[in-house]
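Computation of the quantities below employed the complete heavy-atom set of this structure, encompassing side-chain atoms and omitting hydrogens, waters and symmetry-equivalent molecules. Counting begins at 1 with the first residue of the sequence.
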Amino acid sequence: MKNKFISPKDKRYQAAIDYLDKDKSKRLNNLDKFFAFEQELTTKNAIRLTAIFGSRQDALDRESKDRLKESFIAARVKESPMWQTVFSFDNEYLKELGIYRMGQHNFLDEAAIRDATRVGISKMIEDMGLGTTAEWGAAIHFDTDNVHVHVMTVSNDPEAVLDKMNYKGKDVYRAKIPPKVQRAMKSKFGNAIADRDPTLARISFLMRTELVKNSLDKGYGNNLHVMRGISQLLNKLPKDRRLWKYGNQAIADYRDQLDSLSQEIMIMNNSQSLKELDWLLNEQSDFFLKTYGQAAVENNNGKTYKNNQLETLYKNMGNALLKEMAAMVSREEWKIKNQYTPEDIERYLQKMRTPAVTKRALNRMSAALEETKQDYLNKLAYRKEEYRKEQQRKRDLEQDSGRSY
């Protein structure tokens, strides 16, 4: 798999747009006018090519091609780069997979190649953050030496998804596809073409669930060798538990010991899963070596797929074990911190000897206070009434005295 991009000012950009209108023969004979790989792919011996396909259609009709062309034109106006990708095969490899056959009746499983292309391009769109702004078209080409797929991709709203950079005094959209994204595209494409997803899913389940979570859930407290190793490790680790991360440099000297403990726990609790994982990793590593060649290993610091996955397994297991060890230390510290001294116990006993006001006593006090309050109000009302009566008697007497004269 190879990726290149061309700028909106490149004449091949417009040629690629025009390419969408051409029939098969004209498209086949004019590859060098629109494609960025003209020096790397020979086309003189090509025997045929498929219809243009996209993310949803296996063969674009006239209306769909017109819409794609309009998207390409709009993308160029907005100065979006055009990414051009080629997926190229060793035909013998395709024969082994049952996808390709030559002879009197040539056969190519075009659906398998289209599906793999969609997976690979979707990964590129996802990892580059192009989202729904991405538009692409592709076609499968048949050469005498190899089968390959040409893909053209643009963004119809580059301002929303691409950063800008200064190039020769001008601000342009950053178009380079990072190596990490390219490796992910290639991996996705290769797995899809060989239908390896079920194997990869099983590997992921074994590593994350069976060999990390379940191994630790089953426990290791009855294994004296493991417990002794954990105790020794606890005495060596930094006091600051924030540094207890497998990838932290402060833990570097203890990773071998952590790995040894992790391996012993996995063998003790899930030996069959560990054997199954080893077999699947060997098979998958052989597959990748055959698919991508020795160069893929060399470009990965000499590490195979199995090497990478085992590193991930022991990293995840090591972090989980460090987390459990940190919890152990926290519990012990809490116990020590909460132990009562003789003075603490004496203060507690003194406090217990002090008469306590119970809820029942509080209720009684509340009731008594309520009674006292009501008595006071009753007496106040009685005195008020007596005062009123006394005043009324005085007024009556004054009136009677007046009438006697």
Show your reasoning for whether side chain to side chain contact (heavy atoms under 4.5 Å, CB included) applies to I99 and L108. CA-CA 6 Å; I99 291 175; L108 177 70; 4.0 Å; yes
Looking at [X], I want to see if its [atom1] is surrounded by more than 12 non-hydrogen atoms of other residues, nucleotides or ligands under 6.0 Å.
X    : atom1 : answer
R202 : CZ    : yes
D253 : CG    : yes
K78  : NZ    : yes
K218 : NZ    : yes

Non-hydrogen side-chain atoms of [X] and [Y] separated by less than 4.5 Å:
X    : Y    : value
F5   : I177 : no
P8   : V172 : no
I265 : V226 : yes
E386 : E390 : no
V181 : N3   : no
I6   : M152 : no
L130 : L162 : yes
I230 : E324 : no

Hey, could you give me the NZ/NZ distance between K170 and K9, rounded to the nearest 0.5 Å?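 Atom-to-atom, K170:NZ and K9:NZ are 6.5 Å apart.
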Mind checking the NZ-CH2 spacing from K323 to W244? Nearest 0.5 Å is all I need.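 Answer for the NZ-CH2 pair, K323 versus W244, is 14.0 Å.
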Main-chain N/O of [Y] paired with [X] side-chain donor or acceptor, under 3.5 Å:
X    : Y    : result
N269 : L216 : no
N91  : V147 : yes
R255 : G247 : yes
T117 : I113 : yes
S231 : M227 : no
S187 : R183 : no
E135 : N156 : no
Y254 : K236 : yes
N270 : S273 : no
S80  : S155 : yes

Verdict with reasoning, L211 to M317, per side chain to side chain contact (heavy atoms under 4.5 Å, CB included): CA-CA 8 Å; L211 290 170; M317 187 69 176; over 6 Å; no
Going by an N to O cut-off under 4.0 Å, is there a salt bridge joining [X] and [Y]?
X    : Y    : answer
R67  : E70  : no
E110 : R114 : yes
D58  : R118 : yes
R62  : D66  : yes

Taking atom types as modelled, find out whether D259 and Q263 have a side-chain donor-acceptor pair closer than 3.5 angstrom.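 No, because no side-chain N or O of D259 sits under 3.5 Å from a partner of the opposite role on Q263.
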Side chains of Q392 and R395: any donor to acceptor distance under 3.5 Å?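 The criterion, which ignores hydrogens and geometry beyond distance, is satisfied for Q392 and R395.
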Look at the rings of F189 and F89 and say which category their plane angle falls in: under 30° parallel, 30 to 60° tilted, over 60° perpendicular.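 The arrangement is tilted - the two ring planes meet at 30° to 60°.
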Which class fits the ring pair W136 and F53: parallel under 30°, tilted 30 to 60°, perpendicular over 60°?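 Geometry flag for F53 against W136: perpendicular rings.
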State which residues pass side chain to side chain contact (heavy atoms under 4.5 Å, CB included) with D278; sequence neighbours excluded, sorted by chain then number.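 Side chain to side chain contact (heavy atoms under 4.5 Å, CB included) check on D278 returns N282, K306.
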Which pair of heavy atoms, one from D10 and one from R76, lies closest together, and at what distance?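 Scanning both residues, the minimum pair turns out to be O-NH2, 3.6 Å.
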Tell me which pairs pass salt bridge (Lys or Arg N to Asp or Glu O under 4.0 Å) where either residue lies in residues 146-168, with sequence neighbours left out.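 Checked against salt bridge (Lys or Arg N to Asp or Glu O under 4.0 Å) - neighbours excluded - no pair reaches residues 146-168.
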